[in-house]
Amino acid sequence: MSRIKACFDSLKQRNRTALIPYIMAGDPEPGVTVALMHAMVEAGADLIELGVPFSDPMADGPVIQAASERALEHHIGLRTVIDMVRNFRQQDSTTPVVLMGYLNPLEVMGYAPFAAAAAEAGVDGVLTVDIPPEESHDLIEMLHQHGLDPIYLIAPTSTSARIQSICANASGFVYYVSLKGVTGAANLQVQAVEDKLKEIRTYTDLPLGVGFGISDAERAAQVSQSADAVVVGSAIIKRIAANITDQTAISAEVTSLLRSMRQAMDS
Amino acid sequence: MSKVSESADRAENFSDMPDAQGHFGIYGGMFVAETLMAPLLELRQAYEKYKDDSEFLAELDYDLKHFVGRPSPLYFAKSWSEKLGGARVYFKREDLNHTGAHKINNTVGQALLANRMGKKRVIAETGAGQHGVATATVAARLNMECVVYMGAEDIKRQAINVYRMRLLGAEVVPVESGSKTLKDALNEAMRDWVTNVDDTFYIIGTVAGPHPYPAMVRDFQAIIGRETREQVMSMEGRLPDALVACVGGGSNAIGLFHPFLQDSDVAIYGVEAAGDGLESGHHAAPLCAGKPGVLHGNRTYLMEDGDGQIIETHSISAGLDYPGVGPEHSWLKDIGRAQYVAVSDEEALTAFHDVTRSEGIMPALESSHALAYVAKLAPTMAKDQVIVVNMSGRGDKDIHTVAALEGISV
């Protein structure tokens, strides 16, 4: 059984919604990442999304763009990110890790070498923002061969036909983008999200994560009523950006945010 | 030439490309975030409907004739041809279009489509500002809200075009992310589109981006090649031996080339920007010195590093300063139907001066790259052979750049 499935099965038994923090690998500098991943698990994270820096992050708002630029100053590439996961796995063999990024670094490394290296290092899922199911055949095949879950986005604009086709290709969980816009945009509309999740559930039994626009504990708690997972990215990265030179403060502020979200979601 | 004949023997059906999903061989496609898939499919459907709609086409023809000023002349550059001492060189005068470049052929078409689709707001990316001006122009005429994204670096270099856009009523938004140039402006326009997808039409300025843009922009620009075909037949009584055009994203080039792809005796040359020279690494020549990858919604040749990060480009010409290229060009390169070469900043500047002095026509620095290659090609050809080069834009916008290089302040 994949680590992602085991994670969601166990959460379901405990009637708990997953909290999924997103950080950019290598932001603000490479030494921070693995320690921060462990600290986030300690603070209540159930699964970690690790961003792969890219020079042209078209789907991201200014907060994550800046994180990508900070990581690229240290030349953090896909291979380095995979090494970070291998390093993380030395102390944590249960928390699933999903790589999230754009297609071109995978194209350059090659799907087969990428999938092999990622699986060997302990990566569990791969979310590639700019590859819809229509273009995914080769990539999915390679990910499946190595036991990796292809994670897909569903958007407010997705038609029911597209939702069906995405769910047919996805495994692990499905990620619902809660608003029309880039990451870190204005707050989502809770009722609209609930309605869309109901629709998606008619097509799949996979757990449903919700992200884009969840910035505080209150919003996280509201979304956790209908979602199986709450994804938080820009709100975390803002706290990293505010403490670039102070690794202790980064860890303290990020874990404090996650604890407040965890508490609000569980109560 | 043997490669050209071979591909023709394989009977590539150029007019059937791309396939329904926008692929030119392994290139093209739709590589965007899920939010944009529905609007792209809606656009594809609208375009499929209107591209053969007689009322739409009649309106487009009317605008091209009365607003843009088409057909643009095919001009025999007699004295420059004599100076080069080889083939007879013709200029396709896209520089004489309204707003001074070929860009308006496409913006007129996309604006009519936006209007048909009921979109009240248009957005665009621009590098040198030519596409931004052409978009602001059609938006003013159709009373649409217009927002143009432009890299902060480019805004500094192209103050006059920025002011032109503002005079036309467009909002020009400086893009401060990444390298602050054209590619970043495109990223920002995509972010706007994903946010305002309900009421906004994204007018992409070149034959790149996700399907259906590469095919749609090509179709709007193919008027260049169709007119050229008729004009050269009436002036020379035969097809040209060679076509030459500069390639940044590649819209003026594909517009000239496309109606001639089936004519295997017509040699086709696309000219990229070699900047300081291909060996220097400071250039904008993905077809000559890049590798295939995925950027801005399509698979194509790119300038990238070993990690797949897009690298900064260099060219004296802002309109060629782009790390990707339209996917159809990537395909034409791989099948050998077109050849892609590169000329340096210095060679382009020499051609700029030579053509200005010998023909009384001041070319854009982009077009000067095509002319610089003609200066190499023409002398190798016989005096009864014919070259058509796309004079894709006029050089007025570049006189500050040229003057600064010569230490003159204007």
Please look at B:Val197 and chain A and tell me whether the side chain, the backbone, both or neither of the residue comes under 4.5 angstrom of a heavy atom of that chain.
side chain
Surrounding CD of B:Gln45 (heavy atoms of other residues, nucleotides or ligands, distance under 6.0 Å), is the total greater than 12?
no
Using a strict threshold of under 4.0 Å (side-chain N to carboxylate O), is an ion pair present between B:Arg299 and A:Glu135?
no
Chain A neighbours within residues 173-192 of chain B, where any heavy atom lies under 4.5 Å away
B:Ser177, B:Gly178, B:Lys183, B:Asp184, B:Asn187, B:Glu188, B:Met190, B:Arg191
Below 4.5 Å, heavy atoms only, C-beta onward: do A:Arg162 and B:Glu34 meet side chain to side chain?
yes
Tell me, side chain or backbone of A:Ile131 under 4.5 Å from chain B's heavy atoms, or both, or neither?
both
Any residues in residues 278-288 of chain B near chain A, with a heavy-atom distance under 4.5 Å, and which are they?
none
Reported CG-to-CD distance for the pair B:Leu302 and A:Glu107, which is rounded to 0.5 angstrom
9.0 Å
B:Phe31 to A:Pro132 - nearest heavy-atom pair and separation:
CA-CD, 4.2 Å
Heavy-atom cut-off 4.5 Å, strictly under: side chain, backbone, both or neither for A:Pro62 against chain B?
neither
Does CZ in A:Arg79 sit with more than 12 non-hydrogen atoms of other residues, nucleotides or ligands closer than 6.0 Å?
no
Is B:Asp307 close to A:Val108 at the side-chain level, that is, under 4.5 Å between some pair of heavy atoms?
no
Quick check: do B:Ile310 and A:Asn104 have side-chain heavy atoms less than 4.5 Å from each other?
yes
Sequence-distant partners of B:Glu312, salt bridge (Lys or Arg N to Asp or Glu O under 4.0 Å), two or more places apart:
none
Region of B:His296 that comes under 4.5 Å of a non-hydrogen atom in chain A:
both
Partner set under salt bridge (Lys or Arg N to Asp or Glu O under 4.0 Å) for A:Lys238, not counting sequence neighbours
none
Is the number of heavy atoms from other residues, nucleotides or ligands under 6.0 Å of A:Asp205 CG greater than 12?
no
In B:Thr35, B:Asp198, B:Thr195, B:Asn196, the residue satisfying side chain to side chain donor-acceptor pair (under 3.5 Å) with A:Lys180 is B:Asp198
Counting only heavy atoms closer than 4.5 Å, note whether A:Leu106 contacts chain B via side chain, backbone, both or neither.
neither
How far does OG1 of A:Thr157 sit from CG of B:Leu36, to the nearest 0.5 angstrom?
7.5 Å
Could you tell me whether a side-chain N or O of B:Gln309 sits under 3.5 Å from a main-chain N or O of A:Ser55, the two making a donor and an acceptor?
yes
A:Leu72, part contacting chain B, at a heavy-atom distance under 4.5 Å
side chain
